[in-house]
Amino acid sequence: MTPELPPPDPEEPPRRVESLRRELLAILFLYASLAVLPFLIGMAFAP
Amino acid sequence: MAAALSSAAVKRTATLVHAWLVLDFFGESRRTGGGGSTLTTTIFAQAFLALVIAALLYPETPPVPFAAANLTLSTLLIGIGALGDVQQQQRRLADAVLLGPAPLRPRDVVLARAAHGAFYVCLLTIGMALPPAILFGWLARAPATVPLYLLLACLCAGIAVGVLAVLLRLCRRLCGSGRTALLAGTLKAALLAFGVVGFALGLRELDRGAAAMPIGELGVWLLPPFHAARFLAAPAAGWPHGALVVGAGAGLLLLAMLVGERESSRPERRGRDRLLQLLLRALLHRGPLLGLGAFLGAMLYRSAGFRARVLPLLGVPAAMAFLALQDATATVRGRQLFLGMVLQFPAIYLPFLIAFLPRADQPDTEWVFRHSPAADVPLARRAAFVALTTHVLLPVYGLGLLTMLLCGVGAGFAGAAAVFSLGAAVLAARVQVRALEQLPFTQTTDADAGKDLGSPFASAILLSLLAAGFALAPPALQTGLAALAAAGAGLLLVQAGRSKPA
């Protein structure tokens, strides 16, 4: 029988669970923004 | 059967790559107890910087200089980042423990390392390369060059990381991991100082061709980003440049395999008492103060973390001064004023150096002093003042004096300016060590070194005014001020070695 975990300390804020998937998704979202902004700049100031 | 084995090998490789990526993203925050990913923050910051630089250069800059400048920026920052991790030694030791008893074939480990390295470099590089790639597509009126730009950016970054990795492997094989960590910190400072300052100066000369760059035409031809840019502008005609970049990458891979991962088994020799350490001993005499001072003097040079943080601070003004001294059009007065201001930078940066002092490279270093009742913070402040003077300020100003003389600055002004600036820095150090609240090199988290940013700003303004006043004074007065500063510094040092702590 697995022992129960102790209850969380009410004074300590809940720690955000690490997630590699979440970080990679955030980076993909950044890439999407980085693609849109220069595209608009390039179009606006095209030589 | 073969398919099942192959699938198992892929899973093993993927598990290793996943574990290493988790350490890359969350290792630092786990160590310091913070939250979030430090790597994601770095990617965001670098990508934003690349977007700003690319947008500033667009659309006046021609395609080849535009691509070369942006590829150089991404390659430089990725290279600096590859040197910046002082935890690399701990990671390598942890890998040896993880992989040693694991049921993995050597080729699985090699494949995992290659996959992890390639993914990591591409992840960082694409963030920096995407904005200039799209703008280059508009500039060259060729949208098909966008994926080619990204590929070449990853290749150039990979070459930079590869060159540094091979260099460090060679050093580790010949000199051991301790000296290699110190070399990595020094290289980082040099790249940050000369690379970033040279890049900024080169941006002004983009339209004037390769010969106008700070590193000269030969230096430009040795850079992979230059050849990548030539290939991008005209892929059909510029294929030799593309082939050169690919060939450099392949050659580097071969060299890395030849050098291997072996480490020197030569035992680390005990350091001899050098001149600076002898000077420190002469000032601190005996007892706990001498013990703490000698410990500080050794750690200031042997701590890879401290070196990696401090050298860039000192390297940037050094590079600015060196590159400015090459400018033949400056007047004598203007050059003296500029040099006088730059010589105050070490004193202006002292609060940040002092803030870095409590940080240790290894955990639980505090135990060294837990059994020493005489080692307290007031004693540490006196020891830090003397150690910073003998091991940081004296060598920095000595090198500054030598550089000025080699670059043709008059011996009278160079000597007086160096001595005056050293004296002012020693006086500033005596005041600023009061911000030290913990014993040096004993804490594993970043010390809270001062919420008060007013004091460093005030001292920066005061030192700048002193420097300007000194530079504009007649030569006889400059000599007098330098003598006064030297006498004052000497008195403070002697007093620190003798008096009881406040």
Side-chain angles (χ1 to χ4, degrees), chain A, chain B residues 17-27 29-30 33-48 50-63 66 70 119 122-141 143 146 149-150:
Chain A
M1 188 171 164
T2 52
E4 285 183 8
L5 288 169
D9 184 353
E11 289 184 18
E12 192 180 314
R15 200 161 170 230
R16 203 169 176 215
V17 174
E18 294 169 351
S19 169
L20 187 60
R21 188 177 295 182
R22 187 179 56 228
E23 300 300 326
L24 291 175
L25 278 174
I27 291 169
L28 270 176
F29 182 74
L30 167 73
Y31 287 175
S33 320
L34 287 175
V36 168
L37 212 51
F39 182 83
L40 295 174
I41 294 172
M43 196 165 62
F45 299 100
Chain B
V17 173
H18 182 269
W20 285 331
L21 283 175
V22 167
L23 286 175
D24 290 334
F25 276 86
F26 303 110
S29 58
R30 282 179 179 183
S37 160
T38 50
L39 185 59
T40 309
T41 313
T42 304
I43 291 173
F44 274 49
Q46 289 183 340
F48 180 72
L51 172 62
V52 167
I53 300 282
L56 286 174
L57 294 177
Y58 180 84
E60 289 85 16
T61 313
F66 178 88
N70 285 286
F119 185 80
C122 290
L123 197 65
L124 264 70
T125 310
I126 288 175
M128 294 196 67
L130 202 46
I134 292 173
L135 290 175
F136 181 83
W138 280 105
L139 205 55
R141 294 189 179 90
V146 173
Y149 184 105
L150 292 176

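We name chains A, B, ... by the order of the sequence lines, and we start the count at 1 in each one. Basis for what follows: all heavy atoms, side chains included, without hydrogens, waters or symmetry-related copies.
- Interface remark: of the candidates Ala50(B), Pro131(B), Pro59(B), Pro131(B) forms the most heavy-atom pairs closer than 4.5 Å to chain A.
- No part of Phe136(B) comes within reach of chain A, as not one of its non-hydrogen atoms sits under 4.5 angstrom from that chain.
- Between the side chain of Tyr149(B) and the main chain of Ile134(B), no donor-acceptor pair closer than 3.5 Å is present.
- Under the 6.0 Å cut-off for aromatic ring centres, Phe45(A) and Trp138(B) do not qualify, their centroids lying 6.0 Å or more apart.
- Here the straight-line distance linking atom CZ of Phe44(B) with atom CG of Leu34(A) works out to 8.5 Å at 0.5 Å rounding.
- Interface residue Tyr58(B): only side-chain heavy atoms are found under 4.5 Å from chain A.
- With Ile27(A) as the fixed residue, the side-chain contact (heavy atoms from CB on, under 4.5 Å) test singles out one of Ile43(B), Leu124(B), Leu39(B): Ile43(B).
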